[in-house]
**Student:** 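Pasting a structure here, questions to come.
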Amino acid sequence: MEKAMKRYMPIFVLPTLCAFILGFVIPFVMGVGLSFCEFTTVTDARFVGLSNYVRAFQDTVFRHSFWYTALFAVVSLVVINVFAFALALALTQKMRGTNIFRTIFFMPNLIGGIVLGYIWQLIFTGVLEKYNTALGLNEWYGFAGLIILVSWQQIGYMMIIYIAGLQSIPGDVMEAAQIDGATRLRRLFLVTIPMMMPSITICMFLSVTNGFKLFDQNLSLTAGEPSKMSEMMALNIFNTFYGRTGWEGVGQAKAVIFFVIVVGIGLIQLRLTRSKEVQQ
Amino acid sequence: MKWKNKVSVVGTGIFTLLGIAYIMPILIVLMNSFKKKVYINKEPFVLPTEKTWNGLENYLTAIDKYELLSSVGWTVFITVGSVLVILLCTSMCAWYITRVQGRFTRGLYLLCVFSMVVPFQMVMFTLSLVADRTRLNTPWGIIIIYLGFGAGLAVFMFCGFVKSIPLEIEEAALMDGCTPLRTFFSVVLPIMKPTYISVGILETMWIWNDFLLPYLVLDLNKYKTISIAIQYMKGSYGRVDMGAVMAALIIAVIPVIIFYLSCQKHIIKGVAAGAVKG
């Protein structure tokens, strides 16, 4: 069978392979290489060693954006997962209309980041106006606004994953706990949550990486106002590339740092899920 | 038993209120899209009155002045085109690399998995250069970029499914004299239908809403997607026409809601499948 198939390799693999090389491999390799160069257009690239990285780490706005993003990722992780888990628990009870409610809570997830940002900008501006202030005046207004926005967007998504997890808990385990006289609360903490650990790890890491990669919403809701204080890492990298000439190399170095952080989080997740699988 | 019934009724009541509150932001935008532009920022939470009512004027401005319908058209074209190309090419690729074992296919698979974790910012600058240089900065060309950048997730999900298909079926087809192409299209493809739907939905959601990739790749003087068009309306210096922006937001949301309501079950299933694997 393999022999017969190998002759067809060009038809099966080549289209994807070519596009993949063009759309991913070349940009990625070039990106890593250019992070060690100074350039404005690739043709005038000049090797400068680690100086781009040094400049990136010296950039106070970039360092601020890192802490701002990290804090954002942690806070959004907690808020999204607590609410999503609670909703999933409530909507798996015997109740009329659970399907309609699930549909409603999931819906914002399908709307794009730019559109979401402007929908909420209207609302936050309207509310803050009553107190004679505005979204762009304080970085923590922007922070709270972004938290509300991404919660609205992602709670439904995580809820779906939690519901799938809850439905896969075998009924007899629950029944056994019930017969043993475990109260509702004890069942939740001693049976449901331990059985749900795989879903919980997935959702936690999804929300952390989403938090780190947030771009569209940040651009449309606050655009970094006031004076780049609500700028998150992805937006900071974008602005370094396209907002400051002579900083393209630094932007690429920041992008590599960003990439390393995101991959690091992914590796931790892989470790954790693997170790969980062994225990079960 | 009676007590339980009461709890469930109260629960339904609470969740009805919660559900209405949840879609409120969209309703508020909808309401404001019918107001005259000067009244929108001032009092966004008040229903339109006779004085502030603007009928469909905002929608007409958005369509005439900002050419929103052509943006919708390009977005549909790019999304549908890319998703179809991705589904066809990556499923064929995935079948080949799972069935033919070797250093090359193994390496390609790992590279695909690796590409899934790379954030877009890492490649955005160089990707836009490559797209410019190879003249892929059109809605037709961007399909190839999407195939390349979206291949990782799609190949990964298809590979996961191909592994679960028993080899005997395909062997029987080949034994009966089918070429690998025929085997793929008349045996493997029908079996993989659920995965096609899941992958298709995930990629549709991504490409439809994507802002940065088309923003950097497309020739913006000629082609804009909806997200780009809205960003242009808001980001342009000078007066922002809030009425037109509200109308544009609604025009952007409507196709999504129609899509969602018409294949809701598949979407939720696809999301659950994608999350567990990704």
Side-chain angles (χ1 to χ4, degrees), chain A residues 1-2 4-6 8-9 11-13 15-16 19-20 22-24 26-28 30-31 34 42 93-97 101 103-107 110-115 118-120 122-123 125-126 157 160-161 164 202 206 213 215-216 220 234 237 241 251-252 255-256 258-259 262-263 266, chain B residues 8 11-12 15 19 22-23 25-26 28-29 32 41 44-45 89-90 92-93 95-97 99-100 108 115 117-119 121-123 125-127 129-130 134 144-145 147-149 151 155 171 174 180-181 205 208-209 211-212 227 230-231 234 245 249 252-253 256 260 264 268 271-272 275-276:
Chain A
M1 176 173 170
E2 283 199 9
M5 277 182 74
K6 267 190 183 152
Y8 283 82
M9 198 281 276
I11 301 174
F12 279 100
V13 182
T16 311
F20 188 63
L22 207 64
F24 177 73
I26 293 177
F28 184 80
M30 252 168 84
L34 284 177
V42 177
Q93 306 298 320
K94 278 198 185 101
M95 186 167 70
R96 252 167 210 278
F101 298 138
T103 309
I104 290 175
F105 291 126
F106 183 78
M107 195 186 62
L110 296 166
I111 302 173
I114 295 287
V115 177
Y118 290 128
I119 290 177
W120 279 96
L122 173 79
I123 291 162
T125 312
Y157 184 92
I160 295 295
I161 302 176
I202 289 170
L206 271 177
K213 289 185 188 170
F215 178 84
D216 295 1
S220 52
I237 293 169
F241 269 127
Q252 192 58 55
V256 173
F258 184 56
F259 157 71
V262 173
V263 169
Chain B
S8 110
T12 308
F15 271 95
Y22 217 75
I23 50 172
I26 298 174
I28 290 173
V29 173
N32 280 292
N41 260 339
F45 306 124
C89 293
T90 57
M92 289 172 78
C93 179
W95 186 57
Y96 185 89
I97 61 179
R99 287 302 183 234
V100 177
L108 187 58
S115 80
V117 291
V118 175
Q121 271 70 22
M122 177 65 212
V123 296
F125 187 78
T126 41
L127 181 63
L129 287 179
V130 170
T134 49
I144 296 174
I145 304 276
L147 171 62
F149 200 72
V155 167
E171 272 172 349
L174 283 171
L181 261 184
M205 280 163 55
W208 180 272
N209 290 324
F211 166 72
L212 199 50
S227 295
I230 292 175
Q231 179 65 17
K234 267 303 262 197
V245 171
L249 291 175
V253 167
V256 173
Y260 179 45
Q264 195 216 115
I268 288 181
V271 162
V276 174

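Protein chains get the first letters and strands the later ones, always in sequence-line order, with residue 1 at the start of each.
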**Student:** Could you look at B:Gln121 and say if it's the side chain, the backbone, both or neither that has a heavy atom under 4.5 Å from chain A?
**Tutor:**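 It is both, since atoms from each part get that close.
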**Student:** Taking all atoms of both residues into account, what is the closest heavy-atom pair of B:Phe149 and A:Gly23, and its distance?
**Tutor:**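 The answer is CD1-O, 3.8 Å.
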**Student:** Within the structure provided, determine whether A:Phe12 and B:Pro180 are in side-chain contact (heavy-atom separation under 4.5 Å).
**Tutor:**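 Answer yes - side chains close enough.
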**Student:** Taking side chain as everything from C-beta outward and backbone as N, CA, C, O, which of these in B:Leu108 sits under 4.5 Å from a heavy atom of chain A? Side chain, backbone, both or neither.
**Tutor:**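 The answer is the side chain of B:Leu108.
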**Student:** Is there side-chain contact between A:Met30 and B:Phe125, with heavy atoms separated by less than 4.5 Å?
**Tutor:**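 No. Closest side-chain heavy atoms not under 4.5 Å.
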**Student:** With a 4.5 angstrom heavy-atom cut-off, is it the side chain or the backbone of A:Ile26 that approaches chain B, or both, or neither?
**Tutor:**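 Only the side chain of A:Ile26 comes within 4.5 Å of chain B.
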**Student:** Among A:Ser220, A:Pro27, A:Gly112, which has the most heavy-atom pairs under 4.5 Å with chain B?
**Tutor:**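 Greatest number of close heavy-atom pairs with chain B: A:Pro27.
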**Student:** Where do A:Trp120 and B:Pro25 come nearest, in terms of heavy atoms and distance?
**Tutor:**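 So the minimum-distance heavy-atom pair works out to CZ2-CG, 3.6 Å.
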**Student:** How many angstroms lie between atom OG of B:Ser115 and atom CZ of A:Phe20, to the nearest 0.5 angstrom?
**Tutor:**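 The OG atom of B:Ser115 sits 4.0 Å away from the CZ atom of A:Phe20.
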**Student:** If I measure from the heavy atoms of chain B, does A:Phe101 come under 4.5 Å with its side chain, its backbone, both, or neither?
**Tutor:**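 Side chain only.
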**Student:** Return the minimal non-hydrogen interatomic distance between A:Val115 and B:Ala252, and the atom names on each side.
**Tutor:**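 Scanning both residues completely, I find the closest heavy atoms to be CG2-CB, 3.9 Å.
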**Student:** If you count heavy-atom pairs under 4.5 Å with chain A, which of B:Leu249, B:Ile145, B:Val256 comes out on top?
**Tutor:**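 Highest number of heavy-atom pairs under 4.5 Å: B:Leu249.
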**Student:** Need one label for A:Ile160: side chain, backbone, both or neither, based on atoms under 4.5 Å from any heavy atom in chain B.
**Tutor:**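 Answer is side chain: those atoms of A:Ile160 sit under 4.5 Å from chain B.
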**Student:** Is A:Phe215 close to chain B through its backbone or its side chain, or both, or neither, when contacts mean heavy atoms under 4.5 Å?
**Tutor:**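 Only the side chain of A:Phe215 comes within 4.5 Å of chain B.
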**Student:** Does B:Tyr260 reach the main-chain N or O of A:Thr103 with its side chain, forming a donor-acceptor pair under 3.5 Å?
**Tutor:**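 Yes, the answer is positive, given that a donor and an acceptor are paired below the 3.5 Å cut-off.
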**Student:** Under 4.5 Å from any heavy atom of chain B, what part of A:Phe241 do you find: side chain, backbone, both or neither?
**Tutor:**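 For A:Phe241, side-chain heavy atoms alone lie under 4.5 Å from chain B.
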**Student:** Side chains of B:Met122 and A:Phe258: does their closest heavy-atom pair fall under 4.5 Å?
**Tutor:**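 No, their side chains stay 4.5 Å or more apart.
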**Student:** Given that the side chain runs from C-beta out, which part of B:Val117 has a heavy atom under 4.5 Å from chain A: side chain, backbone, both or neither?
**Tutor:**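 Both backbone and side chain of B:Val117 come within 4.5 Å of chain A.
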**Student:** Where is the tightest heavy-atom contact between B:Thr126 and A:Gly31, given as atom of each residue plus distance?
**Tutor:**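 Reported closest heavy-atom pair: CG2-N, 3.8 Å.
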**Student:** Identify the heavy atoms of A:Pro15 and B:Leu147 that sit nearest to each other, and give their distance.
**Tutor:**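 Heavy atoms of A:Pro15 and B:Leu147 come nearest at O-CD2, 4.1 Å.
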**Student:** Taking B:Val253, B:Thr12, B:Val123 one by one, which has the highest count of heavy-atom pairs under 4.5 Å against chain A?
**Tutor:**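 The answer is B:Thr12.
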**Student:** If you define the side chain from C-beta out and look only at heavy atoms, does anything of B:Val118 sit under 4.5 Å from A:Phe24?
**Tutor:**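 They are in side-chain contact.
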**Student:** What are the two closest non-hydrogen atoms of B:Ser227 and A:Ile114, and how far apart are they?
**Tutor:**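 In terms of heavy atoms, the two residues are closest at O-CG2, 3.8 Å.
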**Student:** Without swapping roles, check the side chain of B:Asn209 against the backbone of A:Gly113 for a donor-acceptor pair under 3.5 Å.
**Tutor:**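 The answer is no, because no donor-acceptor pair under 3.5 Å joins these two groups.
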**Student:** Which distance, rounded to the nearest 0.5 Å, do you find between the CD1 of B:Ile144 and the CG of A:Leu22?
**Tutor:**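 B:Ile144 CD1 to A:Leu22 CG: 7.5 Å, rounded to 0.5 Å.
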**Student:** Select, from B:Ile23, B:Val155, B:Thr90, B:Leu212, the one with the greatest count of heavy-atom pairs under 4.5 Å involving chain A.
**Tutor:**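 Result: the option with the highest number of such pairs is B:Leu212.
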**Student:** What option among A:Ile104, A:Val263, A:Thr125 has the most heavy-atom pairs under 4.5 Å with chain B?
**Tutor:**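 Going by pairs under 4.5 Å, I would pick A:Ile104.
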**Student:** Pick one of side chain, backbone, both or neither for B:Met205, based on which atoms fall under 4.5 Å of a heavy atom in chain A.
**Tutor:**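 Side chain only.
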**Student:** Does any heavy atom of chain A fall under 4.5 Å from the side chain of B:Val130, the backbone, both, or neither of them?
**Tutor:**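 Side chain only.
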**Student:** Looking at A:Met107, A:Lys213, A:Gln252, which has the largest count of heavy-atom pairs under 4.5 Å with chain B?
**Tutor:**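 Heavy-atom pair counts peak at A:Met107.
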**Student:** Could you tell me which of B:Ile97, B:Thr134, B:Leu181 has the largest number of non-hydrogen atom pairs under 4.5 Å with chain A?
**Tutor:**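 Option with the greatest count: B:Leu181.
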**Student:** Do the non-hydrogen side-chain atoms of B:Ile26 and A:Ile111 ever get within less than 4.5 Å of each other?
**Tutor:**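 In contact.
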